[in-house]
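Please read the structure below before turning to the comments.
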Amino acid sequence: MTTRSITNRLGGLAFGGDYNPEQWDETVWEEDDTLMRQARVNLATVGVFSWALLEPEEGRYDFAWLDAHIDRLHAGGVAVDLATPTASPPPWFTLAHPDALAVRPDGTRLTHGSRDTYCLTAPAYRSAARRMAAALAERYGDHAALALWHVHNEYGTLCWCDHTAAAFRVWLRARHGSLEALNQAWGTAFWSQRYTSWEQVLPPRATQWHRNPGQALDFRRFWSDEIISAFREQRDAIRRHSDRPVTTNLMLPAYQNVDLWAFARELDVVTSDQYPSAPGLDAAADAAFHADRARSLADGRPWLLMEQGTNTVYDGDRVLGKEPGEILRHTLGHIARGSEGALFFQWRQSRAGAETWHSAMVPHAGPDSRIFREVTQTGEAVARLAELAGSTVIAPVAVLHDPDAWWALGVDGLPSAGLDYHGALLQAHRALWETGVTVDFAHPQHELSRYRLVIAPALFLLTDAGAESLHRYVADGGTLLVQHASGYVDERMHARLGGYPASPLREALGIRVEEYRPLRQNERIPLSDGSHGTVWSESLRSEGAQTLAAYTHGMLTDSPALTRHRHGNGQGWYLSTRLDDADYGALVGRLLKEAGVQPDLPGLPAGVETVTRHAPDGRRWHVLINHRAAAVPLPDPAHDLLTGTLAHEVPPGGGAVLRRP
């Protein structure tokens, strides 16, 4: 089952969002019906936070109100993405099962009063979640309105309670087999941490100083598996009664509590949520980062944007509004990069509750507002793009993303707090985005031969298999950039001996790192090519690599900072410091030239985003998004799906979707 089954039901790309009619009365429902038709809404996510209404007391379900709303939506031509409400247990559940409330690392048990007030390892919670999924599926599994099942909401809540400790020990037995193997893996000979019985093994709770890094990494892996297991239970309960695709909305911001590669393999359709973390052009770049990652998790297949903020841009401790035109531009950005539509959270802005001020398609001001007018314009635009359904995106470049490497950089006791995994990925993707080149994300052990260029920004942890994969990629003709502090530890968090990075990657790069030398906070050091390094530096020696830039600072003077090594049919580059954004962008441009990679549509100025979607029959569509204040002429006129006319330019702050034969 794929997104194609959804778009076939909808007759085109999806447009809509979370709908919570239980917050409103009949008069508002009647207006909703009219406004949804006006905005071209064809898919509504229903029931995400409705557990208290669906099961008012344990074991007694009330579906009458949901029956009425699903039937009403169906009558109005709106299909349903039906959610299981298990991300927000009702008060009666936590009163009956206080042991199912989450516990923090310091032992504090949380109380009911928010969403996500549960522990996934608590037997009572898992049982209740399965029952709820089964009850919903039995009732609505073959309903004509149903297009998609939506399990839970934004999985990722962690817990350190006794239920978790017991489940963690079961997982560790399965992974390591014996206490002796566990002790070896965690290096418990240090600090007298050797375990002599399984009962002594606990989650990495709050303690005096540094927690054991192997324990911390295994805990992350355990929780990822636990999250996926909880999803599977609900998915399988649904599948016993329904043949519609099942998904959950992945959350792809700067935190990471689940192995997204593993999770995505369990989904019939990859769906995800995106909220920009900065305003302006940064928001557009963030949307592209998110969309490229979601498409990559779907293995290049079409995916679906499940949530975006209608008028929401986060900026530190405040929420900013979007500028005119950004609702359409952000939506086009996701569709350009493979999404089969665009949904929002939520349809109507709440007048009470914890997210009263979260923006919505219908704001507090009502339909006579800029926001709703832009929502309607965006819905009309999405409706014109129906022929894109099922088309895919081809990327010539990959940025490597490994959750183990991310988690490894989150353990205690590392030499520098400046080793920012997410920041390194963002910098690499942003530099490529600004060149107009489309990017995939990939795991080090994926098949990489289809990429002309691969960038490894932060592979602190690298397995032997990953090192061999990258070595093979270079030997077979690929161009690889590996960045500082990579290949320092193996999958057990054991330091690599004999020099970094891991062999045989070291041979492909033609270098050997002997010493790491973190830089002071805000320190910038000049390199011989005029660029500047920050955060980190390394003492390395060439073992065949050519030095392209050297340090000009302190004991590292004349030591290689940037190297290139021809190995087999390809070349391995190594960067031993973090460059400023401008310098890094120049390096990426040089790498693209060396690898022979061109933008999808060359010749366009900076600030114009271009991605190509490809149909199996050879048709292509160039999606262009103009982030500039002036119109941009097109190299060749083409038919624009958004206007239905021959386009000669992309309007200021607007977009175009050009059909190519």
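Only this structure's heavy atoms are used, side chains among them; waters, hydrogens and symmetry mates stay out.
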**Prompt:** With a distance cut-off below 6.0 Å to the six-membered ring centre and an angular limit of 45° from the axis, does Arg348 pair with Trp24 as a cation-pi contact?
**Reply:** yes
**Pair His358 and Tyr275, ring centroids less than 6.0 Å apart** = yes
**Short side-chain donor-acceptor distance under 3.5 Å, Glu31 and Trp29** = no
**Message:** Please determine whether a side-chain nitrogen of the Lys or Arg among Asp581 and Arg430 lies less than 4.0 Å from a carboxylate oxygen of the Asp or Glu.
**Reply:** no
**Message:** With no hydrogens and no angle check, just 3.5 Å: does a side-chain donor-acceptor pair link Asp583 and Ser531?
**Reply:** no
**Item:** Carboxylate-amine/guanidinium proximity below 4.0 Å for Glu594 and Arg564
**Value:** yes
**Prompt:** Quick one: are the ring centres of His290 and Trp433 less than 6.0 Å apart?
**Reply:** no
**Prompt:** With no hydrogens and no angle check, is any side-chain donor or acceptor of Gln349 less than 3.5 Å from a backbone partner on Ala360?
**Reply:** no
**Message:** Under 4.0 Å between a side-chain nitrogen and a carboxylate oxygen: does that hold for Arg318 and Asp315?
**Reply:** no
**Prompt:** Between Phe289 and Phe441, does the ring centroid distance fall short of 6.0 Å?
**Reply:** yes
**Prompt:** Could Glu374 and Lys322 be called an ion pair, given the rule that one side-chain N must be under 4.0 Å from one carboxylate O?
**Reply:** no
**Prompt:** Salt bridge between Glu340 and Arg613, side-chain N to carboxylate O under 4.0 Å?
**Reply:** yes
**Message:** With ring pair (Phe, Tyr, Trp, His ring centres under 6.0 Å) as the criterion, how do Phe460 and Tyr421 come out once you've worked through the C-alpha distance, each side chain's angles and the decisive distance to 0.1 Å?
**Reply:** CA-CA 9 Å; Phe460 182 69; Tyr421 186 91; over 10 Å; no
**Prompt:** With the threshold set at 4.0 Å, does a side-chain nitrogen-carboxylate oxygen contact exist between Asp440 and Arg293?
**Reply:** no
**Request:** Ignoring hydrogens and angles, state whether a donor on the side chain of Gln346 or Ser350 is under 3.5 Å from an acceptor on the partner side chain.
**Result:** yes
**Message:** With ring pair (Phe, Tyr, Trp, His ring centres under 6.0 Å) as the criterion, how do His639 and Trp621 come out once you've worked through the C-alpha distance, each side chain's angles and the decisive distance to 0.1 Å?
**Reply:** CA-CA 10 Å; His639 179 79; Trp621 298 267; over 10 Å; no
**Asked** Within the distance-only criterion (no hydrogens, no angle test), does the side chain of Asp268 pair as donor or acceptor with the backbone N or O of Pro245 below 3.5 angstrom?
**Response** no
**Request:** Answer with yes or no after comparing the ring centroid distance for Tyr574 and His484 against a 6.0 Å cut-off, counting only values under it.
**Result:** no
